[in-house]
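All chains are named by letter (A, B, ...) in the order of the sequence lines, taking the proteins before the strands, and each is independently numbered beginning at 1. Side chains are part of it too, since the values below use all heavy atoms of this structure and drop only hydrogens, waters and symmetry mates.
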There are 2 protein chains.
Amino acid sequence: MISSAILDQRMEHFRARCAELGLAYTHQRMIIYRALASSDSHPTPEGIFEQVRREIPSISLGTVYKNIHTFTEAGLLREVNLLHDSLRLDANLGNHHHFVCVRCKAVTDIPEKDVAPLRLKHPLPDGFVLHRAAAELLGVCASCAASEPDLQTGSS
Amino acid sequence: MISSAILDQRMEHFRARCAELGLAYTHQRMIIYRALASSDSHPTPEGIFEQVRREIPSISLGTVYKNIHTFTEAGLLREVNLLHDSLRLDANLGNHHHFVCVRCKAVTDIPEKDVAPLRLKHPLPDGFVLHRAAAELLGVCASCAASEPDLQTGSS
DNA sequence: TGACAAAGGAGAATGATTCTCCTGTAATAG
DNA sequence: CTATTACAGGAGAATCATTCTCCTTTGTCA
Ligand SMILES: [Mn+2]
Ligand SMILES: [Mn+2]
Ligand SMILES: [Zn+2]
Ligand SMILES: [Zn+2]
């Protein structure tokens with residue numbers, strides 16, 4: 001759960017961004033975004049659907065999915081897992097990092113030594129056990145950047 | 001594509017691990033693992049299926065999936081995307097890191113300042129444009145660790 | 001208030017993945 | 001080198017998340 005101050009700030013940003021983009025400010029959208037914005041557990045669409053249903057029993061799962069896409073495109077939401085559409089496999093068992101192209105979803109290995117060592121400066125929450133750590137670099141790969149010059153600025 | 005020396009080493013490891021675990025060393029398994037081990041593009045099950053099919057036209061997609069699971073459990077393969085089973089959303093738009101529990105797939109936010117800054121010590125491959133970087137920490141969350149004491153060693 | 005484009009609801013369709021069921025074959029003992 | 005048998009593979013059905021289609025409803029704006 002998120003503090004009420006942060007939630008208010010997020011809801012205000014949501015309202016402003018809807019106006020900015022000409023998105024209709026519907027009851028469903030407000031409730032869906034509030035469910036998302038008040039969670040810090042990285043929920044699934046199903047989870048959001050279940051929660052929203054308590055307030056709007058007639059809401060359809062399709063509406064939840066459609067708005068998740070709308071919000072993501074509007075920059076109001078991020079997908080935790082860019083690669084969730086299909087399993088991606090790696091037979092390289094050594095430590096290394098990954099660069100993921102936000103455009104074509106290509107995954108490129110980055111040698112471990114090319115990134116400053118990942119060091120925890122504060123301990124993990126109590127009871128957590130760390131197995132492995134790697135950097136996930138997001139951006140645009142060479143071939144996508146070549147075909148879309150305006151992506152080269154790094155401004156999402 | 002991977003160098004032939006590394007491929008040989010991986011195939012030898014594969015053979016040894018199969019013997020170790022009592023896994024039958026079938027032609028299909030060998031061809032499937034070779035397809036995986038000779039790729040550095042983080043292929044999908046479909047992609048592996050297409051490639052294996054050239055050598056074993058009668059192979060079934062189910063066999064590819066089954067062996068991918070077998071190999072993953074054997075530690076011969078890793079999933080790039082632990083969270084690919086369902087979309088996971090994040091309304092926290094600030095920079096932060098993620099801890100993913102390998103057991104229950106819970107995603108926990110780690111404040112940006114709790115990890116040493118992610119710095120590239122060598123430039124990305126030519127033409128690549130970086131948008132964002134974050135650490136992905138893998139391990140076992142507090143509640144999973146509490147319920148399975150033997151997971152606390154960190155030895156995968 | 002009225003017109004219209006955008007948004008929502010219901011359920012079918014799709015696509016990736018898993019499962020079931022039967023057949024074939026690698027492993028191993030004789 | 002066979003026979004036995006448990007494990008592995010093939011085919012296709014089933015499942016589950018996600019997307020799409022089609023029609024109805026509702027914000028938005030004049
Ligand atoms: Mn890799
Ligand atoms: Mn997060
Ligand atoms: Zn790309
Ligand atoms: Zn857990």
| B/Gln28 side-chain N/O to D/dG10 phosphate OP1/OP2 under 4.0 Å | yes

| remark: Closest heavy-atom pair, A/Val100 versus A/Leu83, reported as atoms and distance to 0.1 Å, is CG1-CD2, 3.9 Å

| Heavy-atom contacts under 4.0 Å between residues 58-73 of chain A and DNA chain C, which residues? | A/Ser58, A/Ile59, A/Ser60, A/Thr63, A/Lys66, A/Asn67

| query | Shared ILVMFWY cluster between A/Met11 and B/Leu89, side chains joined below 4.5 angstrom? | reply | yes

| request: Please report, rounded to the nearest Å, how far the P atom of D/dT18 is from the CZ atom of A/Phe49. | output: 13 Å

| said: Is there a side-chain contact between A/Ile110 and B/Pro125 in this structure, where contact means two heavy atoms from C-beta onward sitting under 4.5 Å apart? | reply: yes

| field | Gap between atoms CG and P, on B/Leu21 and D/dA8 respectively (whole Å) | value | 11 Å

| said: Using whole Å, what does the distance between atom P of nucleotide D/dT18 and atom CG of B/Leu83 come to? | reply: 12 Å

| Separation of D/dT18 C1' from A/Glu79 CD (nearest whole Å) | 12 Å

| request: Find out whether B/Arg10 and B/Leu76 are in side-chain contact, i.e. whether some heavy atom of one side chain is under 4.5 Å from a heavy atom of the other. | output: no

| Parallel, tilted or perpendicular, as decided by the 30° and 60° cut-offs, for the rings of B/His96 and B/His98 | perpendicular

| message | Between B/Ala24 and B/Thr44, which residue's closest nucleotide on DNA chain C lies nearer the 5′ terminus? | response | B/Thr44

| remark: In whole angstroms, the gap separating C1' of D/dT19 from NE2 of A/His84 amounts to 11 Å

| note | Contacted region of DNA chain C by chain A, from 5' end to 3' end of the hits, cut-off under 4.0 Å to heavy atoms, spans C/dA7 to C/dT17

| task | Starting from the 5' end of DNA chain D, give me the residue, B/Gly22 or B/Ser86, whose nearest nucleotide shows up first. | result | B/Gly22

| task | Could you tell me whether the side chain of A/Glu136 reaches within less than 4.5 Å of the side chain of A/His97, counting heavy atoms only? | result | no

| query | Could you give the CD1-to-P distance, from B/Ile31 to D/dA8, as a whole number of Å? | reply | 17 Å

| query | Do the rings of B/Tyr33 and B/Phe71 sit parallel, tilted or perpendicular, given the 30° and 60° boundaries? | reply | perpendicular

| task | Would you check if B/Met30 and B/Arg15 make a side-chain contact, meaning some heavy-atom pair closer than 4.5 Å? | result | no

| Is the side chain of B/Arg88 donor-acceptor paired with the backbone N or O of A/His42 at a distance under 3.5 Å, no angle test? | yes

| query | What is the nucleic acid contact for A/His27, judged by heavy atoms within less than 4.0 Å: base, sugar-phosphate only, or nothing? | reply | nothing

